[in-house]
Participant: 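The structure follows.
Excluded from the calculations below are hydrogen atoms, water molecules and symmetry mates; all remaining heavy atoms, backbone and side chain alike, are included. All residue numbers refer to positions in the sequence shown, counting from 1.
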Amino acid sequence: MGTLLKFNSSKKKILVASTFLATLLLNACVTTNNDLNAPNDSNKIVSQTATFTPRAENQYLSQEQAFKRSARVSNVSYKLNYKLTGDEHFSASSTINFTLSDNAFPLTVDLNKAQITSVVINGFSMPAEQLEINYNQWFITLPVAQLLKGNNTVTVDFTRKHNTNGEGLHRFKDPVDDKVYLYSHFEPAAAQQMFALFDQPDLKATFEMTVSAPQEWTVISATKEDKIIKQGNVNVWHFPQSKTLSPYNFSLHAGPYKMWQDNSGKYPLRLFTRQSVANQITPKHWFTYTNQGFEFFDDYFGIDYPFKKYDQVLVPDFLYGAMENAAAVTFAEGSFLTNGEMSQSRRERLASVIMHEMAHQWFGNLATMKWWNGLWLNESFAAFMATLATSEATEFTNAWRTFYAGGKQSAYRADQRVTTHPIEVPVPSTANAFDNIDAITYSKGASVLNQLRHLLGEKTFQQGIHNYLSNNAYKNAVLDDFIDSLAKASGKDLTLWQQKWLYQAGVNTIEASYQCDAGKINSFQLLQTADASQPTLREQKVQIALFKAKSSGFDLIKKVSVIYQGKSTKVNELIGLACPDLVYPNYQDWAFVKVNLDARSFKTTQNYLAQIEDPLLRSMLWQSLWDSVRDGKLPLNEYLQVALANAPFEQDYTTLGQILGQISSANIYLNKGLGSQHNYVKGIAQQLEEITWQSTLYNSDNKNIQRRWFNSYLKFAHTDSALDNLYKLLNGQHSLEGLTISQDVRWDIIAQLSRFQHAKSAELIVQELTVDSSDTGVKSALYAQVIAPNVKVKNDWLAKIQQKNSDIGFSKLRTAMSALYPSEQNNLREQSATQLMSSLTEIDKANGPVFMRSYNNLIPATCSETSVSRLATAVSELTQLSAGTKRSLLIKQQEDQRCLLIKNKMTLSN
Ligand SMILES: [Zn+2]
């Protein structure tokens, strides 16, 4: 192979040339022609060499290259060996066994930014000079000469720095006790930051692993360890071979984690947290929901949980909510740790996220997408299943209402934006894997699956899912496999359904159109419309419900289920019934569709909202009012009049959360549109402060409702007297019946005092840090500091955020970004607007999509003509932006126009 090094031009050229020569060399052996310089007469080799396209030299993998690789490689297994010390670097050895269908071309193995000490291919050790050429910091190119047709073994030894950005093998040093914790996160393609591999979902493999770690550490992976051997002052853990997994589903977590166990259910469960936050979780909640989930899923899927044991690990600095690593799921600490008792809404969220990750163990980990264009189905299905399981297997029978008020609304909003996209879209490369992972893929997808369940019938749907999972167990599958399973189970052709729902974007609107004569309905039809930009009309099954007012509340006169399609669908069944006061055409929320209330129903809603007894219907009617504001049909001030009068009577905590969320958005529109000093805005702010405080006091006998109101008060308190009230709650001069002021609440109070410039706030931040110096404490202090309306502090932090290669951890920068500009500081945001816009292209170029997802929230949209035109200019002039940032910019532009529309629609007397 020495001859290969004679070439002295650019690396790339050498690589291509070496490939060609190596091909000749190998062929030469077969044909016993030893003269390397002799022209080779094999047309096959010439044509193969001609079609060989080397992989782009960057960190991403294109779908084309991935499929070329998986067409040649099969039967992959990994043997991994780690030496973990807790230091900033780790050392490892990664042995890959695989079958290669041909050795005509080189083959690449992914390994990101490692210091490689050796590469051995089928017993041949790659010389250092060649390694320098064949490793570009993203992947190693294995030359043809050393590859075999058939079985191959490649071993890569390396050291690498741990990541601190939440990917690969992340390292976190606890500021409280200096203990070091590691966890892995691989999706979509970050396994290559931990070992050498074929990093793509359709090259499933088995994993066997040995880990040397300090004695006080616990090591967690896809299988349970079968041996721990003490060697000097370390323990060596052995993990037996796993089931066949996509690499992104494998994991390794290690550190002095605190552990709880539960063996009361069908599978052994363990739960882990850092030592310093161990008192902030209630393991009982975790184990209860998890056991309930396993019972539900084993039964629903008709397939037993495939991975034998189930570990759940809470980890710091996590980029997402949770990750479904096979049998070793990770959860973001932030969402699930709590000082004091966990509120009902947080427990419900916990149950739902546990169910989501558990659903993935079958749908995603057992049967896996072939490529990242299938990620939406993975997420949609898990989101759908999580809601179903939470509502049917846990105490949270309201889960579908929570989904309606939360995820589904974000899907409707996203689907009405200029940036909407079909549920399924092509993903050309791993760089784009998360481009479209948003409310469309999670929540619209989940809603559409739920609609399909109603259309096909519960049992048929379940049978289709079972067939899909059992046919594709331990394999990869594509959308057509899923649709075929459901089509076969139901005997229906779903081609058109698939076309209209999955490949075309946009949400339709339905409205009941009816006439009454002599108090009776004499015609009734359901009208369907589509936005001009997304003209597809669809078929769905809905329930139409008719209500009549009684002395207090409403009677349901009739509900009928109807499959509608096209522009107009007659519903003759309703003719002759008493003329209703309220018609709701998507009763019980089967469909993914916007509802336009008819004029009479809209009036009824405005006047009698609090009297609607059915909580889901009430929630949907609240939504109709709020949608009318956002669409510029109902003046914001009229909405607020209804909302402030009715909200205090709401006793359903899910609906109350939804209403308070709408009110909070209304307040943002006011602050941005009219300014916090406008008389009307000041009046509303004052009312919000009073109503939220009075309702906190009034609901002392209902903890969950009280918590909701108090959390809102924590955001609306702004007058001197309210800030003084907060201050006294903090130092114990005031107390509240039913409410404990936990460490989390203490920080919330301090942030609010700082936000409205309470004289003691700076002092309080410093003082509180001496009590709570935890990771959360440090971030909360930072949040409180940055949210103050202090230009210097803001500019300092903006500079730190924009600095290239900042040594401040990303999780801190992210906290600072979230605190920079609350809506009442709209003028401060405006002051930095030009700078933010002019530097956007440069920042976008210097940072990856994870950073930009947070950063793009800073793009200024200040609800004025100036701001709208500034965004329009940016859209047309900043042509070099990444896809994600371009999309954020378009969303900002559209939402800023909406803010202006809402502002101009208001009917204020002064
Ligand atoms: Zn998921």
Side-chain angles (χ1 to χ4, degrees), residues 61 66 69-70 73-82 92 94-99 109-110 167-169 183-211 219-226 237-253 267 297 301 303-313 322-330 357-372 374-375 377-379 381-382 430 433 468-478 481:
L61 177 66
R69 186 160 68 176
S70 57
V73 172
S74 56
N75 297 324
V76 187
S77 66
Y78 295 97
K79 279 197 174 141
L80 306 175
N81 206 319
Y82 284 87
S94 172
T95 296
I96 321 170
N97 282 292
F98 59 96
T99 305
V109 170
D110 308 295
E167 289 187 329
L169 190 54
Y183 64 85
S184 69
H185 180 85
F186 296 160
E187 194 181 25
Q192 55 194 277
Q193 297 176 35
M194 196 181 99
F195 59 104
L197 80 159
F198 305 119
D199 202 352
Q200 59 187 80
D202 64 340
L203 280 173
K204 285 195 163 187
T206 58
F207 296 82
E208 185 186 340
M209 185 166 66
T210 306
V211 178
V219 186
I220 304 147
S221 187
T223 55
K224 175 126 183 353
E225 73 278 1
D226 57 2
W237 298 61
H238 178 258
F239 296 88
Q241 193 177 65
S242 72
K243 294 265 175 67
T244 310
L245 297 172
S246 285
Y248 82 95
N249 289 139
F250 180 69
S251 65
L252 163 62
H253 322 301
Y267 306 103
F297 287 122
F301 294 138
I303 297 170
D304 277 359
Y305 168 65
F307 305 117
K308 292 188 179 156
K309 60 95 186 175
Y310 201 62
D311 293 332
Q312 298 177 102
V313 192
M323 175 65 206
E324 69 267 21
N325 317 307
V329 179
T330 38
E357 305 312 324
M358 206 183 285
H360 275 309
Q361 303 299 323
W362 285 262
F363 202 106
N365 297 7
L366 179 64
T368 313
M369 70 215 154
K370 190 166 164 54
W371 180 247
W372 300 107
L375 184 55
L377 183 58
N378 215 15
E379 293 308 341
F381 190 84
T430 51
Y468 169 78
L469 290 172
S470 54
N471 293 340
N472 296 291
Y474 304 108
K475 291 192 264 188
N476 295 88
V478 295
D481 299 319

Participant: Output all residues satisfying ring-ring contact (aromatic ring centres under 6.0 Å, His included) with Phe297, sequence neighbours left out; order by chain, then residue number.
Facilitator: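 Phe297 satisfies ring-ring contact (aromatic ring centres under 6.0 Å, His included) with Phe301, Trp362 once adjacent residues are dropped.
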
Participant: Looking at every non-hydrogen atom in both residues, tell me the closest pair between Phe198 and Leu203 and how far apart they are.
Facilitator: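 For Phe198 and Leu203, the tightest heavy-atom pair comes out as CB-CD1, 3.5 Å.
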
Participant: Considering residues at least two apart in sequence or located in another chain, which fulfil the ring-ring contact (aromatic ring centres under 6.0 Å, His included) criterion with Tyr78?
Facilitator: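 Checked Tyr78 against ring-ring contact (aromatic ring centres under 6.0 Å, His included); matches are Phe195, Phe207.
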
Participant: Does Asp199 use its side chain to pair, donor to acceptor, with the backbone of Gln192 at less than 3.5 Å?
Facilitator: yes

Participant: What verdict does the side-chain contact (heavy atoms from CB on, under 4.5 Å) test give for Val329 and His360, after you've listed the backbone C-alpha separation in whole Å, the side-chain angles of each residue and the deciding distance to 0.1 Å?
Facilitator: CA-CA 10 Å; Val329 179; His360 275 309; over 6 Å; no

Participant: I need the minimum non-hydrogen distance between Pro247 and Phe186, along with the two atoms involved.
Facilitator: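 That would be O-CD1, 3.4 Å.
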
Participant: Determine the minimum heavy-atom distance between Glu167 and Ala190, stating which atoms define it.
Facilitator: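 Here Glu167 and Ala190 meet closest at CB-CB, 4.1 Å.
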
Participant: Go through the steps for Trp371 and Asp202 under the test side-chain contact (heavy atoms from CB on, under 4.5 Å), then give the verdict.
Facilitator: CA-CA 7 Å; Trp371 180 247; Asp202 64 340; 5.6 Å; no

Participant: Given Tyr82, which of Thr210, Leu252, Val219 fulfils the side-chain contact (heavy atoms from CB on, under 4.5 Å) condition?
Facilitator: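 For Tyr82, the side-chain contact (heavy atoms from CB on, under 4.5 Å) test succeeds with only one of Thr210, Leu252, Val219, which is Leu252.
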
Participant: Is a side-chain donor or acceptor of Glu208 paired with a backbone partner of Gln241 at a separation under 3.5 angstrom?
Facilitator: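 Not confirmed, Glu208 side chain does not pair with Gln241 backbone.
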
Participant: Do the non-hydrogen side-chain atoms of Leu469 and Phe363 ever get within less than 4.5 Å of each other?
Facilitator: yes

Participant: Could you tell me which residues satisfy side chain to side chain contact (heavy atoms under 4.5 Å, CB included) with Ser251, sequence neighbours excluded, listed by chain and number?
Facilitator: Ser184, His253, Asn325, Ala328

Participant: If only side-chain N and O atoms count, and only distance matters, is there a donor-acceptor pair under 3.5 Å linking His238 with Asp226?
Facilitator: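 Yes, because at least one side-chain N or O of Asp226 sits under 3.5 Å from a partner of the opposite role on His238.
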
Participant: Measure across Ala382 and Ala359 and return the closest heavy-atom pair with its distance rounded to 0.1 Å.
Facilitator: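 Looking at all heavy atoms of both residues, the closest pair is CA-CB, 4.2 Å.
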
Participant: Atom CG in Leu375, atom OG1 in Thr368: separation rounded to 0.5 Å?
Facilitator: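 That separation rounds to 11.5 Å.
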
Participant: My understanding is that only residues two or more places apart in sequence, or in another chain, count here; which of them pass ring-ring contact (aromatic ring centres under 6.0 Å, His included) with Tyr183?
Facilitator: His170, Phe318

Participant: Just so I know, are the side chains of Ser470 and Ile303 near enough to count as touching, which here means a heavy-atom distance under 4.5 Å?
Facilitator: yes

Participant: Enter the distance from Leu377:CG to Met369:CE here, rounded to the nearest 0.5 Å.
Facilitator: 10.0 Å

Participant: Taking all non-hydrogen atoms of both residues, which atom of Val313 and which atom of Ile220 are closest, and how far apart?
Facilitator: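 It is CG2-CD1, 4.1 Å.
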
Participant: Could you walk me through whether Val76 and Lys204 pass side-chain contact (heavy atoms from CB on, under 4.5 Å), step by step?
Facilitator: CA-CA 7 Å; Val76 187; Lys204 285 195 163 187; over 6 Å; no

Participant: Quick check: Tyr305 with Tyr267 (ring centres under 6.0 Å apart)?
Facilitator: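 Judged by ring-centre distance (under 6.0 Å), Tyr267 and Tyr305 do meet the cut-off.
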
Participant: For the atom pair OG1 (Thr330) and CD (Gln312), what is the distance rounded to the nearest 0.5 Å?
Facilitator: 10.5 Å

Participant: Calculate, to the nearest 0.5 Å, the distance between atoms CG and OH belonging to Asn365 and Tyr248 respectively.
Facilitator: 6.0 Å

Participant: Could you check whether any side-chain N or O of Gln193 sits under 3.5 Å from a backbone N or O of Leu169, counting only pairs where one atom can act as donor and the other as acceptor?
Facilitator: no

Participant: In terms of side-chain geometry, is the basic nitrogen of Asp481 or Lys370 positioned less than 4.0 Å from the acidic oxygen of its partner?
Facilitator: no

Participant: Please name the pair of heavy atoms, one in Thr223 and one in Ser242, separated by the smallest distance, quoted to 0.1 Å.
Facilitator: CG2-CA, 3.5 Å

Participant: How long is the straight-line distance from OG1 of Thr244 back to OH of Tyr474, given to the nearest 0.5 Å?
Facilitator: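 Those atoms lie 7.5 Å apart.
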
Participant: Enter the distance from Gln200:CD to Asn476:CG here, rounded to the nearest 0.5 Å.
Facilitator: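 Going from the CD atom of Gln200 to the CG atom of Asn476 covers 9.5 Å.
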
Participant: Does Asn97 have any side chain to side chain contact (heavy atoms under 4.5 Å, CB included) partners at least two apart in sequence or in another chain, and if so, which?
Facilitator: Ser77, Thr95, Thr153

Participant: Which residue pairs pass the salt bridge (Lys or Arg N to Asp or Glu O under 4.0 Å) test when at least one of the two sits in residues 303-313, sequence neighbours left out?
Facilitator: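 Found Lys266-Asp304, Arg270-Asp311, Lys309-Asp311.
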
